[in-house]
Amino acid sequence: MNDILKELNTEQQAAVVHTNGPNMVIAGAGSGKTRVLTYKVAYLISQGVEPFRIMALTFTNKAANEMKERIMQLVHNQDARNVWMGTFHSIFARILRVDGHLLGFPSNFTIYDTDDSKSLIKSIVKELGLDTKTYTPSAILHRISMAKSNLISARDYAEDPELTTYDRVSQRPQTGQIYATYQQRLFKSACMDFDDILFFTNILLRDFPDVLFKYQQRFSHLLVDEYQDTNYSQYLILKRLAARHENICVVGDDAQSIYGFRGANIQNIFNFKKDYPDHILFKLEQNYRSTKTIVEAANTLIMHNKEQIFKKIWTDKEQGQRISLIKAATDSEEGILVAHAIFENKMNRQLPNSSFAILYRTNAQSRSFEESLRKLNIPYRIYGGLSFYKRKEIKDLLAYFRLVCNPHDQEALVRIINYPARGIGETTLEKLRVAASEKDKSMWETMLNLKADACGIAPGTAGKISDFIIKIRSYQAQLANTGAIDLAEHIAYTAGIIRELKEDQTPEGISRMENIQELLNAIRDFSDRPQETINEITGEITTTANPTLDRFLQEVSLLTDLDSDDDKENKDKVTLMTVHSAKGLEFPYVFVVGLEENLFPSYLSMNTRAELEEERRLFYVAITRAMDKLTLAWAMNRYRWGNLSFSQPSRFLDEIDPQCLESTQKVTAPLNTVRKLKPLPQEKQHADPPDFRPEDMQRIAVDMTVEHDRFGKGKVIALEGQGANRKATVAFDQAGKKQLLLRFAKLKILDE
DNA sequence: AAATAGCGCTTTTTT
DNA sequence: AGCGCTATTT
């Protein structure tokens with residue numbers, strides 16, 4: 001172990017070997033923050049601390065896994081994998097699965113992602129008879145999220161004059177009511193949203209002293225990465241857990257605090273100092289990542305912030321190249337110039353694609369870079385944006401899995417009860433919703449005890465509901481004793497999703513099918529990997545083989561696409577991502593693009609000094625990702641929501657010491673002004689098929705062969721309803737099973 | 001019931 | 001420009 005310590009500088013060593021009592025490491029960009037944390041855990045293990053008594057909280061799961069790997073190398077001890085290491089959310093979700101029953105949650109509770117939460121809020125807003133344009137789901141969710149991060153329950157919220165006044169002033173007086181209903185609904189569905197994981201962890205530790213005691217005892221050492229981005233709720237969990245041993249080490253950099261918008265509280269740094277007056281403070285100021293030019297540029301920039309903990313970041317490295325500035329005429333030219341710059345550097349210096357990164361403020365900016373990179377045949381990978389797990393087809397299949405594992409999960413139920421179409425429409429759903437809310441039961445329970453006539457549901461529809469229930473139950477019966485991949489494939493093939501997708505042979509349809517296959521592959525990988533399980537008594541983590549599908553779901557709900565892509569064959573790609581997701585990463589060549597007023601800084605963050613300073617810290621994070629060479633780009637004109645608008649260069653460009661910048665400015669502008677003409681809309685066909693006979697409608701009966709102008713030939717399987725509402729279920733040779741309203745469908749009888 | 005056309009709306013960052 | 005929702009069509 002002493003050999004290992006030699007790989008650290010004096011300050012880093014001091015921080016690593018200080019293992020007793022509270023301590024804080026303020027670490028500048030590129031100063032080896034993660035290194036200190038990794039070595040500290042390794043050092044603790046080498047000093048005889050049992051791995052499962054160490055809790056290390058990181059910002060991403062990827063960081064956690066990399067750290068674990070490194071630690072195992074350092075200590076030559078497989079037990080190191082028993083360190084409780086992961087994001088706040090994944091670690092405390094794990095704890096809630098063990099002890100959440102005390103709060104009334106089953107251990108298989110579902111975690112809602114932002115889309116689930118918004119869609120639930122939307123349906124609540126509608127139920128309460130409010131306007132979804134005033135009460136936009138994202139605004140409401142933001143309010144609820146802020147409340148939860150500050151441990152304000154729905155009841156507290158309603159009684160808080162400041163919050164309610166704010167809501168009244170902003171024309172949304174019912175926000176508190178929505179919050180309360182939202183919580184009830186989540187609870188009945190056995191679901192938690194992201195903020196609930198931290199909120200309920202706090203409640204658990206607050207109201208159940210023996211649980212608190214158990215974890216306080218167990219975790220002798222707490223370590224926290226990216227402490228500057230923790231919120232109040234996270235702060236309080238740490239404070240509670242650390243109260244017994246007070247061996248808590250937090251690592252962070254106030255200059256890189258960029259998550260204020262989601263409740264991160266820089267005050268936590270000062271609270272730490274207050275809570276532990278005898279804490280030791282370490283400062284890491286030597287940067288090992290970047291050239292002198294880049295470090296100086298970053299230092300001069302951040303000086304413009306008023307609120308900061310003073311430190312002087314310095315480096316031993318060479319002066320390096322000056323920072324290039326690209327001034328483009330338009331956003332598409334910005335893309336071209338950046339792609340060409342990458343191409344030239346790559347060729348002249350024989351660099352791999354992976355040494356380049358393009359960083360932008362908003363996901364929407366990625367397009368022009370994708371286009372130009374593609375034209376030059378430069379492989380790239382985009383992170384963020386529409387992530388894999390947010391795609392419709394993936395969410396659909398996952399919803400089946402979710403419903404099987406937790407039938408009370410209402411968002412999952414609503415999503416798939418009529419997908420693929422099985423004749424349970426919006427009207428029926430509304431009746432079920434009303435019935436469920438009257439009986440104060442989950443929708444699933446309501447369906448199980450369905451008294452159809454009482455809810456005004458037709459017998460035919462009730463039959464379809466019961467078919468659906470039987471299907472889901474048959475999956476549920478297999479859950480416990482079937483491996484994840486076997487059940488997943490069984491569901492994918494028998495629920496009709498794959499059948500539905502196979503019909504669609506458009507490029508999008510084919511890509512959707514590929515995505516489903518990719519999801520199944522991911523589950524296969526997961527099934528092949530032994531799973532960690534917590535031993536309830538000792539807290540030790542043991543592994544079990546052949547995990548079930550619910551284990552997969554629990555894992556997947558907290559993943560981001562940043563976490564899960566390492567072993568892709570082709571790793572040598574240019575990276576495109578937002579500055580936020582670039583936190584903690586580094587690249588030899590970095591392009592920070594879109595440096596314009598109202599874009600970076602964002603027009604939404606220029607109202608207060610605090611917001612503007614956060615934007616500046618964000619830019620600070622962006623430029624400190626660069627190791628060797630930094631290029632900044634901006635466009636004089638940019639397409640914004642459909643039309644071209646003029647831009648001013650970002651004020652941040654003027655805040656960098658001009659000595660760090662290249663004096664020359666490139667201006668080349670072969671403008672691509674030819675835009676494709678849209679084809680004229682086609683004349684619609686209103687006429688009936690020439691040989692259509694209206695009287696056929698009366699004569700149609702089960703087992704007849706019929707023809708539809710779009711779906712082709714098919715056989716009538718069932719008929720229901722009377723008069724104008726008469727419907728036929730037809731099995732088409734090509735298009736599959738469809739329900740059609742005879743009044744419209746114009747079916748032609750081919751064979752009786 | 002299912003598909004489509006057209007309209008208005010939104011646009012920050014993410015565990 | 002792209003999306004989701006509503007109104008309209010089949």
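What you are looking at is a predicted structure, and each value in this text was computed from that prediction instead of being measured. Numbered from 1 within each chain, the chains take letters A, B, ... in sequence-line order.
Between Asn231(A) and dT15(B) there is no side-chain N or O to OP1 or OP2 distance below 4.0 Å. The side chain of Asn61(A) places no N or O atom within less than 4.0 Å of a non-bridging phosphate oxygen (OP1 or OP2) of dT15(B). Regarding contacts with the backbone of dT12(B), every side-chain N or O of Ser605(A) stays at 4.0 angstrom or more from both OP1 and OP2. OP1 or OP2 of dT15(B) has not a single side-chain nitrogen or oxygen of Ser90(A) nearer than 4.0 Å.
In this structure, of dT15(B), dT14(B), dT12(B), it is dT15(B) that holds the atom nearest to the side chain of His89(A). Out of dT12(B), dT14(B), dT15(B), the shortest distance to the side chain of Thr578(A) is found at dT14(B).
Evaluated for a side-chain hydrogen bond (donor to acceptor under 3.5 Å, both in side chains) with Arg651(A), the options Glu615(A), Glu597(A), Glu596(A) yield exactly one hit, Glu597(A).
Between Asp195(A) atom CG and dT14(B) atom P the separation is 16 Å, expressed in whole Å. Rounded to whole Å, the distance from CG on Asn598(A) to P on dT12(B) is 13 Å. Counting to the nearest Å, the P atom of dT12(B) and the OH atom of Tyr383(A) are 24 Å from each other. The CD1 atom of Ile258(A) sits 9 Å away from the P atom of dT14(B) (whole-angstrom rounding). One can place CZ of Arg422(A) at 15 Å from C1' of dA2(B), the figure rounded to the nearest angstrom. In this structure, Leu618(A) places its CG atom 11 Å from P of dT13(B), rounding to the nearest Å. The distance between atom CD1 of Ile382(A) and atom P of dT13(B), rounded to the nearest whole Å, is 13 Å. The CD1-P distance, from Ile91(A) to dT15(B), rounds to 16 Å in whole Å.
To the nearest 0.5 Å, atom OG of residue Ser366(A) and atom OH of residue Tyr383(A) are 14.0 Å apart.
In this structure, Tyr603(A) reaches the sugar-phosphate backbone alone: every heavy-atom distance under 4.0 Å involves primed, P, OP1 or OP2 atoms, never a base. Backbone-only engagement by Arg367(A) is indicated by non-hydrogen atom pairs under 4.0 Å involving sugar-phosphate atoms exclusively. Asn418(A) comes within 4.0 angstrom of sugar-phosphate atoms only, judged by non-hydrogen atoms across all strands, and of no base. Residue contacts shown for Lys122(A) are limited to sugar-phosphate atoms, with no base heavy atom under 4.0 Å away.
Residue-environment remark: NZ (Lys431(A)) exceeds the threshold of 12 foreign heavy atoms within 6.0 Å.
Classification of the Phe59(A)-Tyr259(A) ring pair by plane angle, with boundaries at 30° and 60°, yields tilted. Using cut-offs of 30° and 60° on the angle between ring planes, the pair Phe109(A) and Phe105(A) is perpendicular.
Nearest-nucleotide mapping onto DNA chain B: of Lys133(A) and Phe261(A), the residue sitting toward the 5' end is Lys133(A). Nucleotides of DNA chain B nearest to Phe59(A) and Arg640(A) differ in position, and the one nearer the 5' end is that of Arg640(A).
dG4(C) and dT13(B) have their P atoms separated by 15 Å, with the value rounded to a whole Å.
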**Q.** Stepwise side-chain contact (heavy atoms from CB on, under 4.5 Å) test for Phe652(A) and Val592(A)
**A.** CA-CA 12 Å; Phe652(A) 296 153; Val592(A) 185; over 6 Å; no
